[in-house]
Protein chains: 2
Amino acid sequence: MTARREIPTIPDVAREAGVSMATAARALGGYGSVSAAAKERVAQAAKTLGYRPNVVARSMITGRTNAIGVVLADIENAFFSSAVRGIADAARAAGQHVILANTDEDIEKEHAAIRVFVERRVDGLIVCPTDGTDRTYLRGIIEQGTPVVLLDRRIRGLRADSVGIDNHRAAYEATRYLLAAGHERIGVVTGTASDVEAALHRPGLVGVENLVGMTGGERTAGYRDALLQAGIEPRVDYVVSGGGYRREDAVAATKELMALEEPPTAILPLDSILSLGVLQAVRELGLRCPRDVSVVGFDDAEWTETVTPPLTVVAQPVQEIGARALQRLLSRIDGSRQRPVHETLETTLVERESVGPPLSEG
Amino acid sequence: MTARREIPTIPDVAREAGVSMATAARALGGYGSVSAAAKERVAQAAKTLGYRPNVVARSMITGRTNAIGVVLADIENAFFSSAVRGIADAARAAGQHVILANTDEDIEKEHAAIRVFVERRVDGLIVCPTDGTDRTYLRGIIEQGTPVVLLDRRIRGLRADSVGIDNHRAAYEATRYLLAAGHERIGVVTGTASDVEAALHRPGLVGVENLVGMTGGERTAGYRDALLQAGIEPRVDYVVSGGGYRREDAVAATKELMALEEPPTAILPLDSILSLGVLQAVRELGLRCPRDVSVVGFDDAEWTETVTPPLTVVAQPVQEIGARALQRLLSRIDGSRQRPVHETLETTLVERESVGPPLSEG
DNA sequence: CTGTTAGCGCTTTCAC
DNA sequence: GTGAAAGCGCTAACAG
């Protein structure tokens with residue numbers, strides 16, 4: 001139970017070193033000009049006293065906190081935790097800290113988190129927005145002076161940088177891959193019910209890319225266009241959602257798909273948790289992958305090469321997406337006034353063993 | 001390109017509302033006493049001006065930042081991302097924010113992260129320490145006034161709360177489970193090379209629990225004691241590490257194990273990534289689980305019921321561990337002077353299909 | 001209940 | 001190169 005020593009301040013150090021407060025501050029803060037001798041004495045005094053700069057006082061003056069607010073759905077999700085890793089590493093290199101908020105795809109929580117971050121005077125925000133149409137809120141934040149970079153998703157009509165992948169193209173290529181393997185009946189398992197609803201009302205899946213949950217919408221559109229280009233009419237009953245992004249949802253969706261009169265011979269789950277659900281449902285139905293159904297997933301999760309069969313996936317450079325988002329944010333913080341850029345990083349189709357030829361009609 | 005409006009301050013609001021700065025501050029800050037009428041006018045003025053409190057100015061006075069520093073090895077690791085989720089949820093409820101730092105088990109990075117957090121004047125720290133013997137550094141931090149709670153691991157001789165599981169008991173029970181299934185030759189795959197080195201030099205695995213990487217050490221000791229209690233002499237060549245906690249390391253370790261003259265009939269990987277490696281190695285060796293080798297893993301990762309076979313694991317309540325750690329930290333922040341407590345939460349053995357009877361001698 | 005007055009610990013003019 | 005003084009935006013005594 002040592003008494004809680006108070007952390008010494010600059011005046012304390014100045015006194016100890018026998019210099020003025022301003023000199024001590026300059027030596028400690030590494031700005032202005034100080035003679036080598038003074039610098040040395042101050043450093044010595046700081047050391048013996050155990051001086052630690054008070055970053056909050058500094059922030060109050062400089063107006064910069066060296067903190068970045070990161071707003072995403074759920075850090076437990078492997079995609080986000082990788083992205084945060086990328087952000088955090090880049091941040092560390094730039095002397096910035098990462099503050100985290102989970103929204104669970106709840107727009108109220110998202111707004112609340114952003115508001116509190118702004119009150120905290122974060123230098124900038126990296127946001128993975130819940131709602132692709134919610135532009136007014138973020139526009140206000142940006143106009144008021146806090147730079148924002150969007151991650152993984154975009155918001156139409158918002159003047160903010162974004163970093164992610166080309167979702168349309170990624171799904172397009174995955175679908176073409178399945179097509180090339182001979183599949184013509186390809187199902188999609190998504191988490192966003194609105195993707196499906198819209199699909200149900202728009203024969204041929206016209207316009208899915210205008211949907212709210214853009215990642216799902218863009219991917220569904222990419223899938224549709226690959227089909228169309230191959231001369232196959234997209235079927236609305238082949239795009240299903242179990243109501244959410246949990247594994248059970250994908251299990252339900254997959255079972256629904258396989259219960260169709262003409263079940264698909266291949267399935268495209270739109271994220272890694274959904275892939276897990278598809279695989280599980282396939283097994284529960286007593287089917288074998290890829291003999292009975294082929295699967296191409298999204299995101300190269302840690303388990304993809306350990307499941308049976310090893311899963312073929314569209315891999316995104318997730319950490320790099322995070323790192324690039326931070327980079328863009330930093331340059332905005334540094335005052336870049338360049339018009340918004342939407343950066344898309346390359347995806348890779350990692351071929352493993354979950355795709356085979358379609359099961360010939362029984 | 002709207003001009004960047006400056007955020008209004010309390011004096012601005014006071015002027016607009018026609019009250020004194022102190023009254024405005026009290027109304028806005030929710031402290032002291034203000035008449036309902038004044039409160040109303042201030043609220044109105046704040047709204048029209050778009051006032052946002054400046055948390056950093058407030059922090060400078062109150063000395064509290066409402067920020068918690070979380071220092072862990074790697075947020076990408078599912079264990080840590082779940083723990084952070086638990087911490088973040090509890091923090092949000094308490095009006096606290098979470099700042100993150102990854103150490104990659106590097107003591108230098110850990111110290112640097114902690115130092116910077118202290119300079120940031122975080123209200124407290126949750127640390128998953130790299131080195132179980134490194135007590136002086138953290139002791140200094142605590143004495144200087146920043147409360148610290150340890151997560152998942154402990155440090156001998158450090159007066160700080162900790163929250164985790166009873167690692168010895170968890171491994172003990174997992175081993176007994178394997179023993180009950182008839183296994184007598186049980187291997188351990190760990191990531192910490194020092195566990196193994198120590199084991200190699202201490203016949204019978206005496207003293208592994210004194211090791212630096214405590215989680216691994218305690219679990220290895222629990223394993224050893226279960227064996228001893230069953231009258232089986234622990235074999236030093238049954239505890240292996242591939243040099244780290246990556247999947248490849250576990251693949252190498254498992255192959256080493258299975259190449260022994262008398263290979264084990266069951267394997268206990270000490271964390272979830274290692275489990276993935278064990279499973280992968282088993283398959284690469286052309287063996288089947290559980291027919292040829294049984295496996296009991298640690299941590300109930302998202303993929304455990306989807307791999308083939310579904311994996312039997314020791315599940316930890318990871319989010320709750322995080323939440324409890326935050327709770328303990330808050331009470332320390334609030335000045336609790338109670339002597340340090342080491343809280344262990346219950347684990348659950350989740351039986352799935354990766355354990356069978358031992359393969360009878362060929 | 002309200003207003004006035006000091007600062008929190010630091011950076012930043014501005015003289016010297 | 002160094003010192004003195006003036007704040008950053010807010011809270012915390014104090015009076016009134």
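Treat the numbers as computed from the prediction; the structure is a model and nothing was measured. Chain naming here is simple, since letters A, B, ... match the order of the sequence lines and numbering starts at 1 in each.
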Query raised in the report: Between B:Thr23 and C:dG3, does any side-chain N or O lie under 4.0 Å from OP1 or OP2?
Result: yes
Report task. Answer with base, sugar-phosphate or nothing: what part of the nucleic acid does A:Ser33 contact at a heavy-atom distance below 4.0 Å? Result -> base
Query raised in the report: When the distance from CZ of B:Arg41 to C1' of C:dC1 is rounded to whole Å, what number comes out?
Result: 13 Å
Requested in this report: Under the ring-ring contact (aromatic ring centres under 6.0 Å, His included) rule, collect the residues that match up with A:Phe79, sequence neighbours excluded.
Outcome: none
Requested in this report: Report the residues that fulfil ring-ring contact (aromatic ring centres under 6.0 Å, His included) with B:Phe80, sequence neighbours left out, ordered by chain and then residue number.
Outcome: none
Query raised in the report: Taking five pairs at each end, how big is the angle between the two axes of the helix from C:dC1-D:dG16 to C:dC16-D:dG1, to 10°?
Result: 30°
Query - Heavy-atom side-chain proximity of B:Ile126 to B:Val71 below 4.5 angstrom - result: no
Report task. Give every residue pair that meets the side chain to side chain donor-acceptor pair (under 3.5 Å) criterion with at least one member in residues 41-54 of chain B, sequence neighbours excluded. Result -> A:Glu119-B:Arg52
Query raised in the report: Pairs in or reaching into residues 11-34 of chain B: which pass side chain to side chain donor-acceptor pair (under 3.5 Å), with residues at least two apart or in two chains?
Result: B:Thr9-B:Asp12, B:Asp12-B:Arg15, B:Ser20-B:Thr23
Dump the pairs, protein N or O against N or O of nucleotides 14-16 of chain C, anything under 3.5 Å, distances to one decimal.
none

Query - Reported CG-to-CZ distance for the pair A:Asp131 and A:Arg135, which is rounded to 0.5 angstrom - result: 10.5 Å
Report summary line: The side-chain contact (heavy atoms from CB on, under 4.5 Å) partners of B:Gln96 (sequence neighbours excluded) come to B:Arg64, B:Asn66, B:Ile68, B:Ala91, B:Ala94, B:Asp123, B:Leu330
Query raised in the report: In terms of side-chain heavy atoms, does A:Glu105 have a donor or acceptor partner in A:Thr103 at a distance below 3.5 Å?
Result: no
Report summary line: Residues at least two apart in sequence or cross-chain that pass salt bridge (charged side-chain N to carboxylate O under 4.0 Å, His left out) with A:Lys39, listed by chain then number, are none
Report summary line: For B:Arg92, the salt bridge (charged side-chain N to carboxylate O under 4.0 Å, His left out) test, sequence neighbours excluded, returns none
Output one line per pair: protein atom, nucleotide atom from nucleotides 6-10 of chain C, and distance, for all N/O pairs under 3.5 Å.
unit_1	atom_1	unit_2	atom_2	d
C:dC10	OP1	A:Tyr51	OH	2.6
C:dC10	OP1	A:Asn54	N	3.2
C:dC10	OP2	A:Ile10	N	2.5

**Report entry** Nucleotides bounding contact with chain B, strand DNA chain D, heavy-atom threshold 4.0 Å
**Finding:** D:dG9 to D:dA13
Query raised in the report: For residues 121-159 of chain A, which residue pairs qualify under ring pair (Phe, Tyr, Trp, His ring centres under 6.0 Å), counting only residues two or more places apart or in two chains?
Result: A:His111-A:Tyr137
